[in-house]
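Written out below as structure tokens is the structure these notes cover.
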Amino acid sequence: MNTMIVHADRGSQKISRHIYGHFAEHLGRCVYEGLWVGPDSPIPNTRGIRNDVVAALTRLRMPNLRWPGGCFADTYHWRDGVGPYESRPPMLNIHWGGTLENNHFGTHEFLDLCGMLGCEPYICGNVGSGTVQEMAQWLEYITAPAGSPMAELRRRNGREEPWPLTYWAVGNENYGCGGYMRPQQYADEYRRYQTYCGNYSGRKLYKVAGGQLAPWNEIVMREAGPQMDGLSVHYYTTPVSAQKRGTATAFDTDMWFATLKAAAAIEDFMVETEGIMDHYDPARRIGMVMDEWGTWYDVEPGTNPSFLYQQNTMRDAVVAGLSLNIFNAHAARLHMANIAQLANVLQSLVLTDGPRMLRTPTYHVFQMYAPHQDATLLPVECDIGAIDAAGTALPRVSVTASRDAAGLIHLSLVNLHPDEPAAIRCEIRGAEAARVSGRILTGTAMNAHNTFAAPDAARPVEFTGVTVARGALSATLPAHSVAMLEIAGG
Ligand code: AHR
């Protein structure tokens, strides 16, 4: 029996809704096809943006969307993506297959999409191949009220009012695809670029500097900490190694455990990064921004290797639930996280095929976990068994609890075992637990997934197997499952 005690009358740490953020890069079929089909497409759209995808995504309460990359960001020149379509020059997407893009999805289209989704934009500016002036003018274009030269250009392009904008990154992975810089060099460039990152709308800009592993983060925090609000770090779950990822759908239990061990190790990486941040920022002003995370497998057979298109099974749902539980637990330092990516790339929320669209198991986890957004993290005392997977212990069950503004308690539970159910007993202390309802996501097999022929093979259903007696809940979580329970007083 796995037991836990939720202290419902304690807790002071808010879980930022931005931990439940997203990422869309000009990569493969994410932006073009997945989100944007153009106004003349036979696929139903609003000003070029797919209606089916927007309808699905609006149910997630998306807090933010990061764009345009990724590696693409340090090749992107925003001026080529504004103005009439016919005058936008095409560009080569050098990092992702050398495809030719027509630049029809640019600043106006992205901010239109954010408006449709009700989420905040998070834009990554170009350091690797851009200039300080280019970045400064992009910010002026987006945020300056009427009267400035860039606001006038924006008006001529059809938008009078500035857009609200808070989140801005100064480059992406500048230790690699963003210019192969040395950490000291990047820290110096960051300090220079951010000086000219103005927000003309009166909002304070939240400026994100690029982090990496410990040695790089030490230098960037030491040299540029006072000038940043967030430190971006990336963590991908690759089973075994980057050379041996395996496929998204055909895997055995060894691969299952290898994947979950890699996913659970994100916590070690976060703890190490927090240690460095605590050293240079003991007041915890600067946020960790995990603005790329998720599973990374071999591409689906027969698809372009540069497009990073992969299916998504219950394994991904379990990785998502486990990762989000870890993120909640680190809410004191983690200000934002963005799963990679929204559509048709890596651990996607939706997949599309021409006019067809499906929601992945990962999508369902994000929808189920939405009540944690901006809720108060509650302490949970756990006595949970371990799975001994090839010498590394994984918890049988991963859990977090939160209390929302209405006083409802939400408990997210993940059974990490591919084949065995997990019995749990959870005592709720400090609040009445009179009623419990919930949903559970599982599948007929650990690799259950949704296809265009069977788009609802893995979807959440009402979790009827929970009982409440004397302030404690009891339930048995099926193998490879993710559950979300809502607990209310009398
Ligand atoms: O998400 C795919 C790529 O992974 C991004 O472009 C890059 O930032 C990272 O290496």
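Read the numbers this way: they start at 1 and go in the same order the structure lists the ligands and their atoms. Since we're looking at a predicted model, the values are computed, not measured.
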Taking all non-hydrogen atoms of both residues into account, name the closest pair between Val318 and Ser481 and its distance. CG2-N, 4.2 Å
Phe307 ring centre to Arg29 NZ or CZ under 6.0 Å, with the angle to the axis within 45°? no
Arg66 charged N/C atom sitting above Tyr167 aromatic ring, 6.0 Å / 45°: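 Because its charged atom misses either the 6.0 Å distance or the 45° angle limit, Arg66 does not stack over Tyr167.
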Assess the cysteine pair Cys71 / Cys177: is their SG-SG separation shorter than 2.5 Å? yes
Pull out every atom of ligand 1 sitting under 4.0 Å from any heavy atom of [X], numbered as shown with elements.
X	result
Cys71	5 (C), 6 (O), 7 (C), 8 (O)
Tyr236	1 (O), 2 (C), 4 (O)
Trp296	4 (O)
Gln341	1 (O), 2 (C)
Glu25	1 (O), 2 (C), 5 (C), 6 (O)
Asn172	8 (O)

Report yes if some N/O of Glu173 lies less than 3.5 Å from some N/O of ligand 1; otherwise report no.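 N/O-N/O distance below 3.5 Å exists for this pair.
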Check: Arg359 side chain, Leu351 main-chain N or O, donor-acceptor pair, under 3.5 Å: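 No: the side chain of Arg359 does not pair with the backbone of Leu351.
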So, Trp168 versus Tyr122, ring centres under 6.0 angstrom or not? no
Can you tell me the protein heavy atom closest to atom 8 (O) of ligand 1 and the distance? Glu292 OE2, 2.7 Å
